[in-house]
Chemist: 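My structure is below; once you've seen it, I'll send some questions.
As the structure is a prediction and not an experimental result, all values here were calculated from the model.
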Amino acid sequence: PLFRSIEGTCETEKAFRYQYDARKRHWSTDEITIKIQSKSFACGAMRECFRMKKLSAFVHHNDWKHAANYVAKAYKQPVERRVYFSDVQLQMDAKLWAEEFNKHGPPKKIDIFQTFLIELHDRSEKSLFSVERLIDGEYIKYNSNTGFVSAEQRNTPQAFSHFTFERSGHKLIVVDIQGVGDLYTDPQIHTEDGLQYGEANLGVNGMALFFFSHRCNPICEFLGLAAFDLRDEEIATIPTVASSSVTAVSTKSADRVFPIEDIEHLGAPEPSPELNAVLTTFPVSILPSESDSDTGTKAQEEAVGKKVGRMKMTPAKVLPRWVSEDAEDGQVEADLEEGILGQCLRTDG
């Protein structure tokens with residue numbers, strides 16, 4: 001019902017649509033017809049959301065009643081044009097990792113929203129929006145880019161993050177997993193060099209924050225993922241960290257540093273050669289097929305067999321202090337003192 005008001009009250013507008021193909025590393029553009037509300041219906045720390053409808057490209061009449069429902073997101077404060085393109089590229093790259101995760105037969109398949117950009121022809125302000133389909137259901141944040149873990153304690157989202165770290169050869173990790181069920185949106189990617197994917201890419205420190213609060217679950221074991229070795233006193237602190245009492249804080253914001261060239265007129269970032277190689281080359285899956293539950297069974301674990309050539313990382317010293325609750329503006333502070341976890345990564349074998 002809330003979307004029906006768009007049909008008769010909102011102006012019909014033409015928009016350029018920019019779509020990113022993560023496998024081909026290529027942007028394409030076309031023109032679409034939309035209606036979008038002028039008043040936002042929800043907002044976060046950085047962006048606000050607007051209801052939108054889009055006519056199908058395969059119809060030749062204005063049938064807004066049957067037009068698909070979308071959510072259009074715009075930054076509250078002005079940001080560089082390339083930030084919008086970077087956001088879409090990040091989510092579509094993360095979608096590739098979801099597809100790779102599914103190839104390994106986890107008990108539950110996952111997906112990440114298809115997203116694209118629109119640019120409205122006749123607007124001088126707030127003409128760029130990132131857009132994705134509307135989906136009904138309870139929205140849950142399962143983990144964050146700073147080590148938070150939801151009290152929901154579901155296995156699949158945490159195992160997916162862990163999987164991306166190992167499958168990429170420690171080059172990156174997909175975190176900030178949130179959405180409806182196992183349909184995720186707005187993730188974050190930490191990379192080994194800390195470049196690309198915006199200010200919320202915390203590099204190896206972000207990887208360390210994830211593994212400090214991560215406890216391997218049956219799906220991690222089913223996929224043959226190597227456990228992160230922590231000392232007993234470190235493990236004892238994890239239930240406090242990974243609880244609903246810790247506020248999930250997103251540190252996402254506009255890019256400050258983006259040492260890459262624009263792609264033609266789009267203002268879109270080009271992936272680095274190193275990351276491109278990681279994202280476009282996936283090893284062949286050797287794991288068994290999926291089951292119907294959210295936890296790996298003993299039989300499935302045995303079917304995986306020995307973990308051959310698996311990568312493992314070991315911390316030298318774990319942060320002695322976790323969260324400063326009186327941090328300015330509610331920002332989570334990770335006190336990464338000497339021997340930072342993420343900088344102590346190594347491979348065994």
Chemist: Using 30° and 60° as the class limits, which term best fits the ring planes of F85 and W27: parallel, tilted or perpendicular?
Modeler: perpendicular
Chemist: Centroid-to-centroid, Y20 to F116, below 6.0 Å?
Modeler: no
Chemist: If hydrophobic clusters are built by linking Ile, Leu, Val, Met, Phe, Trp and Tyr wherever their side-chain heavy atoms come under 4.5 Å apart, do Y142 and F101 end up in the same one?
Modeler: yes
Chemist: Check whether K95 reaches the backbone of I112 with its side chain - one donor and one acceptor, N or O, closer than 3.5 Å.
Modeler: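 Side chain of K95 to backbone of I112, a donor-acceptor pair under 3.5 Å: yes, one is there.
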Chemist: So, N145 side chain and L202 main chain: donor-acceptor pair closer than 3.5 Å or not?
Modeler: no
Chemist: Tell me whether the rings of F16 and H121 are parallel (<30°), tilted (30 to 60°) or perpendicular (>60°).
Modeler: tilted
Chemist: Between H162 and F211, is the ring centroid distance below 6.0 Å?
Modeler: yes
Chemist: Show every salt bridge (Lys or Arg N to Asp or Glu O under 4.0 Å) that has at least one partner inside residues 156-165, sequence neighbours left out.
Modeler: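 Those involving residues 156-165 do not exist here.
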Chemist: Distance-only, no hydrogens or angles: does the S213 side chain make a donor-acceptor pair with backbone N or O of G147 under 3.5 Å?
Modeler: yes
Chemist: Salt bridge between D186 and R47, side-chain N to carboxylate O under 4.0 Å?
Modeler: yes
Chemist: Determine the sole option in R51, K53, K54 for which the side-chain hydrogen bond (donor to acceptor under 3.5 Å, both in side chains) test with N69 is passed.
Modeler: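 Checked R51, K53, K54 against N69; only one passes side-chain hydrogen bond (donor to acceptor under 3.5 Å, both in side chains): K53.
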Chemist: Are the charged groups of D93 and R25 less than 4.0 angstrom apart, N to O?
Modeler: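 The answer is yes: the pair qualifies as a salt bridge.
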Chemist: Are F210 and F165, when compared by the centres of their aromatic rings, separated by less than 6.0 Å?
Modeler: no
Chemist: Determine whether V71 and F113 fall in the same hydrophobic cluster, where Ile, Leu, Val, Met, Phe, Trp and Tyr are linked whenever their side-chain heavy atoms lie under 4.5 Å apart.
Modeler: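 No, it is not one cluster - the side chains of V71 and F113 are not joined through contacts under 4.5 Å.
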Chemist: If I compare all heavy atoms of K35 with all of E11, which pair ends up nearest, and what's the gap?
Modeler: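 So the two residues come closest at CG-O, 3.7 Å.
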Chemist: Applying side chain to side chain contact (heavy atoms under 4.5 Å, CB included) to W97 and S168, what does each step give before you reach the verdict?
Modeler: CA-CA 9 Å; W97 287 106; S168 68; 3.7 Å; yes
Chemist: Is the closest basic N to carboxylate O distance between E99 and R23 below 4.0 Å?
Modeler: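 Yes, this pair counts.
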Chemist: Would you call E48 and K73 a salt bridge, using N to O less than 4.0 angstrom?
Modeler: no
Chemist: With a 4.0 Å cut-off, would you call D122 and K14 a salt bridge?
Modeler: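 Salt bridge flag = no for K14 with D122.
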